[in-house]
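The basis for the numbers below is simple: all heavy atoms, side chains too, and nothing from hydrogens, waters or symmetry mates. Within every chain, numbering begins at 1; the chains are lettered A, B, ... in the order of the sequence lines, protein sequences first and strands thereafter.
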Amino acid sequence: MSYDFRAVELKWQRIWKEKKRYEAKPDERKKFFITVAWPYPSGPMHVGHARTYTFPDVIARYKRLKGYNVLFPMGWHLTGSPIVGAVSRLKGGDEKFIRLVKEVYEMSDEDIQSIKEPIDYARYFIDKSDLGYKRGMESLGLSIDWSKEFTSITPTYSKEVEWQYRKFLEKDLVTVGSHPVKFCPKDNNPVTDHDLLEGEGVDIQEFFVIEYECTIEEETIFLPAATLRPETIFGVTNLWLKKNSTYVIAKVDGKQWLLSKEAARNLSYQKSIEIIREIDSSALEGKSVLNPITKESVPIICADFVQTDVATGVVGSVPAHAPYDLVALKGSIAPKSVIEVEGYSEVPARDIVRKMGIKGEEEREKLDEATRKLYRDERLKGKMIIEYRDFYGKSVEWAQKAIEEELVAMDRGTTIYEFTKKPVVCRCGTECVVKLVSDQWFIRYSDEKWKSSVREWLKDMSLIPPETRNYFSNVIDWLRDWPFTRLVGMGTKVPWAKEWIIESLSDSTIYMSYYTIADVMNNASIEVDDDFFEYIFLSRDNRWKGNEIAERAKAAFSYWYPLDYRVSALELIPNHLTFMIFHHTALFKKEHWPKGIISLGLVILEGKMMHSSSGVIYPVAQSVNDFGADVTRFYLLYSVEPWQNFDWRGAEARGIARQLQHFYDIATEIIDMKKNGEKEGNEKEHIDLWLLSTLAKKMDAYMDNMENFRTRAALQIAFYDLMNDYRWYVRRGGNDPEVLNKLLERWLTMLYPFIPHLCEELWELQGHREPISCYLEAPSIDEGSLKEESYLITLFDDIKAALQALPLEPETIYIYCIPGEEGMIDEDFLKKEFSSDVSVQPLNRISHDPKGRAKRAKKGKPALYMEGRDGAE
RNA sequence: GCGGGGGUAGCCAAGUCGGGUCAAAGGCGACAGGCUUAAGACCUGCUCCAGUAGUGGUUCGAGGGUUCAAAUCCCUUCCCCCGCACCA
């Protein structure tokens, strides 16, 4: 009978919803609380997301089978700028984006018209669109408790975020400082990589600026040379300015600097700059400047290769170690070596220029490469060879730091920021600059005390897969202060600085705690404050004590918390997952710190990365439509373990549909046998005992895998292994309806977490009134039947293998076995299987052995001899 | 550069921690046969090479080593993927 996946799935989804099957309330049972990263609904839900959410569903369903009271909730992450950006692109008539939205996201003109605010766009992808997340999750049959749904901008939740950050302020875990960002001068806003036309992935680099004093028209002017290698200051032979170019004299943080015109503009986003007058570089050629460290006087020289739009437009020249400088000087000034490095002569820059065959300063690509290579070698292996204080013999890295400190101390050094690659262009067409955002707030993850408490807790956490432990530990080590405030996007405002918004990763670190109380809060209309959270989370007595809402929330929190498992992605370990641990340790009592983290791998589509923005996606809605929810779920879990990367291939999904259909057919046959009352209550034969015993073994293995989240291994056992066992049973003549129904009962239970609709349906057809549960106890194991059957299977395989190498049709198969083993050989079965006569001859009763094969018989492995139909062997 | 993961038969992917039972699970694909009016459905078989007997040979990125024995342990080397922070 053809099984209608969709019809049955919709039926059960309706029943689950009507009976509120997955709404979890505290009770006397053991609890299991699992959460998964809430989606950011900025586009369609695709099969990659489907795996992320199906995996915890499988675990949740399994835990329910094991008798746990399970909470598996869901919410929506709306914080941040992409949704806001999408809406402005929609409204601004961005053609490329509108085409994507229409063709891939299936938005109609009306849909687009209806979107006025960012929240409308988010809502569209939550539950309005067929491709939306909530619909996708429901169509997959996820056992989510929707009564606890909320978003990251739900007002009461924002109150919790505010509480969290005020606590941080109190505990001195936040600090204010400055931070460089990519910035569009026209939009007057920071830009993210997604907002860029050009320059995606370009980094911001910190340059050190050395101020060289110079007297110009009787004024003291500083020439700020930007460099990545301040230690080479000992080898500076001259300064470079761009030939015939307009420079300016400007007041920068109280001092007079000479800057290129472009630099003055760019740097005005980092420092206070007041331009005094312009001056052409030619007017400065030949003047000399004072090296602040060596006190030497070196000349200013103009050259073409200087880029006025990079850094300051003033460059220190170190011909011994900088290929550009060496080439540009053309030997007019002798290089001064300051670093000695293995594999190079006294003037390393000359070596590499010769080796790479660089002819002139116009060969920029080669010069850039030479610069990179030389810098790497010198930094890694170089030693300082200058006689200055204790510098001689020290590493380049050490010297760099020492010089920086010294220059800063003598007020001749500072830092500026610059892109690693230019240009960086905003979507609006304007070239971006590096802006130094002052009064940017940071979370002080660098705090050693905080780090060590996180490290301590990490030891006790269950981390899946185990390799992630190391990863976490490294992340904790190199985690720096995190700027958590933004100027754009949706989110919660920083309570003490309302012009700032708390950015998306930073407002989602402890939201799991809110799930525990979300249903209470969703149905209450009260104004909460910090005290409220102090009371329910930390049991600090205050005016909320005795308040009905607060008491209910408190009870729910105490019951559900801590979080048992957080399900997320491998790529979130360097930020979100680690932040979560940090924040919990800082805010909650130790008994409420998260117990485990499962990090999932990514999903690719037919070998390609899926990106909603590129349109390379396979939406969940389509998969469910094409194959059904159970097939989609099964397929997402059967081929690799959750933490491995998964490649979605349509051809394989089709194969699964056939297999599940087949399973359905077998199951209904078994059910019909029972209905027809065939052979009820007979004494159990060997093969019946074998089936139940092997089933019991498989159940053990299944549970061992499920407990360790190896869903793939568990599913392989629960489906394919049992399918093979079933086939073998039937092949061996097994047909006891009672035994088969027992098998099916367990089979359905084991498969239920993976393909719940199909299992519920068959469970009902089998005549059960109650929902599937508690059928995970295995039948007893009859070791004897297992042993006997495996003897026969080995024999069967041997005969098959031998026959394969022979071109004959066997007339008689002679089997020579150790005396006593003959009882395990089912002659009738072998006769039937090989359409041949079978003669079993124990070694002490041999009657026919023309080739003397009997002597090859071993314990557990009989010897064989076969005679063909034509008389010939 | 730093950190993490990985390279297994036509493809995907187990196995590697705890060497042997590994020519190496499972799936997909291909092929053959069966069942059928027919089938993209199902069943059986087969898919490194050789073979008139359950076997032999050569394989697990490359090279070397340890061992009676290595896909599995050690060393060297090549290649691929991911993260490195304001992106959710």
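- Remark: P of B/C17 and CG of A/N708 are 18 Å apart, rounded to the nearest angstrom.
- Using a 4.0 Å cut-off between charged side-chain N and carboxylate O, A/K451 and A/D477 make no salt bridge.
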Next item on the list: For the pair A/Y791 and A/E821, evaluate side-chain hydrogen bond (donor to acceptor under 3.5 Å, both in side chains) and give the outcome as yes or no after the intermediate values.
Entry: CA-CA 9 Å; A/Y791 178 89; A/E821 288 183 350; 2.7 Å; yes
Pairs: protein N or O with nucleotides 24-27 of chain B N or O, under 3.5 Å:
| residue | atom | partner | partner atom | Å |
| --- | --- | --- | --- | --- |
| B/A25 | N1 | A/R712 | NH1 | 3.2 |
| B/G26 | O2' | A/Q716 | OE1 | 3.0 |
| B/G27 | O3' | A/Q659 | NE2 | 3.3 |
| B/G27 | O2' | A/Y638 | OH | 2.2 |

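- Within the nucleic acid shown, A/T79 comes within 4.0 Å of sugar-phosphate atoms alone, with no base atom in reach, counting heavy atoms only.
- As rounded to the nearest Å, B/U44 and B/C35 have C1' atoms that lie 10 Å from one another.
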Distances under 3.5 Å only, N/O to N/O: pair up the protein atoms with those of nucleotides 81-85 of chain B.
| residue | atom | partner | partner atom | Å |
| --- | --- | --- | --- | --- |
| B/A85 | N7 | A/R480 | NH2 | 3.3 |
| B/A85 | N6 | A/W478 | O | 3.4 |
| B/A85 | N6 | A/R480 | N | 3.0 |
| B/A85 | N6 | A/R480 | NE | 3.3 |
| B/A85 | N1 | A/R480 | N | 3.2 |

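- B/C42 and B/C49 are spaced 27 Å apart, taking the P atom of each and rounding to whole Å.
- Here, B/G61 and B/G54 have their C1' atoms 34 Å apart, quoted to the whole Å.
- With both ends at atom P, the span from B/G6 to B/G45 equals 35 Å, rounded to whole Å.
- With both ends at atom P, the span from B/A71 to B/A25 equals 15 Å, rounded to whole Å.
- Distance A/W500 CH2 to B/C86 P: 14 Å, rounded to the nearest Å.
- Proximity note for A/R731 (side chain, C-beta onward) versus B/U44, B/C42, B/G4: the nearest is B/U44.
- Only the C1' atoms considered, B/C11 is 13 Å distant from B/U47, to the nearest whole Å.
- Base pairing analysis places B/A32 opposite B/U44; the two distances defining the Watson-Crick or G-U wobble pair are each below 3.5 Å.
- To the nearest angstrom, P of B/A53 lies 19 Å from CG of A/L795.
- Remark: A/V433 engages A/F183, A/P185, A/R265, A/N266, A/Y269 in a side-chain contact (heavy atoms from CB on, under 4.5 Å) (not counting sequence neighbours).
- Counting only heavy atoms from C-beta on, A/H662 has its side chain closest to B/C42 among B/A53, B/A88, B/C42.
- Going from atom NE2 of A/H49 over to atom C1' of B/A88 covers 10 Å, rounded to whole Å.
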Next item on the list: Given side-chain hydrogen bond (donor to acceptor under 3.5 Å, both in side chains), test A/E418 with A/Q205 step by step and report yes or no.
Entry: CA-CA 5 Å; A/E418 182 55 283; A/Q205 201 167 25; over 6 Å; no
Under 3.5 Å between N/O atoms: give me all the protein pairs with nucleotides 37-41 of chain B, atom names plus distance.
| residue | atom | partner | partner atom | Å |
| --- | --- | --- | --- | --- |
| B/A41 | OP1 | A/R658 | NE | 3.4 |
| B/A41 | OP1 | A/R658 | NH1 | 2.9 |

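- Residue A/S504 places no side-chain N or O under 4.0 Å from the OP1 or OP2 atom of B/C86.
- Between the CD atom in A/E571 and the NE2 atom in A/H576 there is a gap of 12.0 Å [rounded to 0.5 Å].
- Between B/A39 and B/C46, the two C1' atoms lie 22 Å apart (nearest whole Å).
- Considering every non-hydrogen atom in both A/I126 and A/L78, the closest pair reads CD1-CD2, 4.5 Å.
- When the C1' atom is used for both B/G3 and B/U8, the distance is 26 Å, rounded to whole Å.
- Counting any heavy atom pair closer than 4.0 Å across all strands shown, A/P465 reaches no nucleic acid atom.
- Between A/E503 and A/W482, the shortest heavy-atom distance links the atoms OE2-NE1, 2.9 Å.
- With sequence neighbours excluded, the residues that form a side-chain contact (heavy atoms from CB on, under 4.5 Å) with A/V437 are A/V181, A/Q440, A/W500.
- Between A/W76 and A/Y40, the distance separating the two ring centers is not shorter than 6.0 angstrom.
- The partner of B/C86 cannot be assigned: no Watson-Crick or G-U wobble pair with both contacts below 3.5 Å exists in any strand.
- Here A/H179 lies in heavy-atom contact (under 4.0 Å) with a base.
- To the nearest angstrom, C1' of B/U44 lies 18 Å from CZ of A/R732.
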Identify the pairs formed between an N or O of the protein and an N or O of nucleotides 30-32 of chain B at a distance under 3.5 Å, and give each distance.
none

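- At a threshold of 4.0 angstrom between heavy atoms, the contacts of A/A37 with the nucleic acid are absent.
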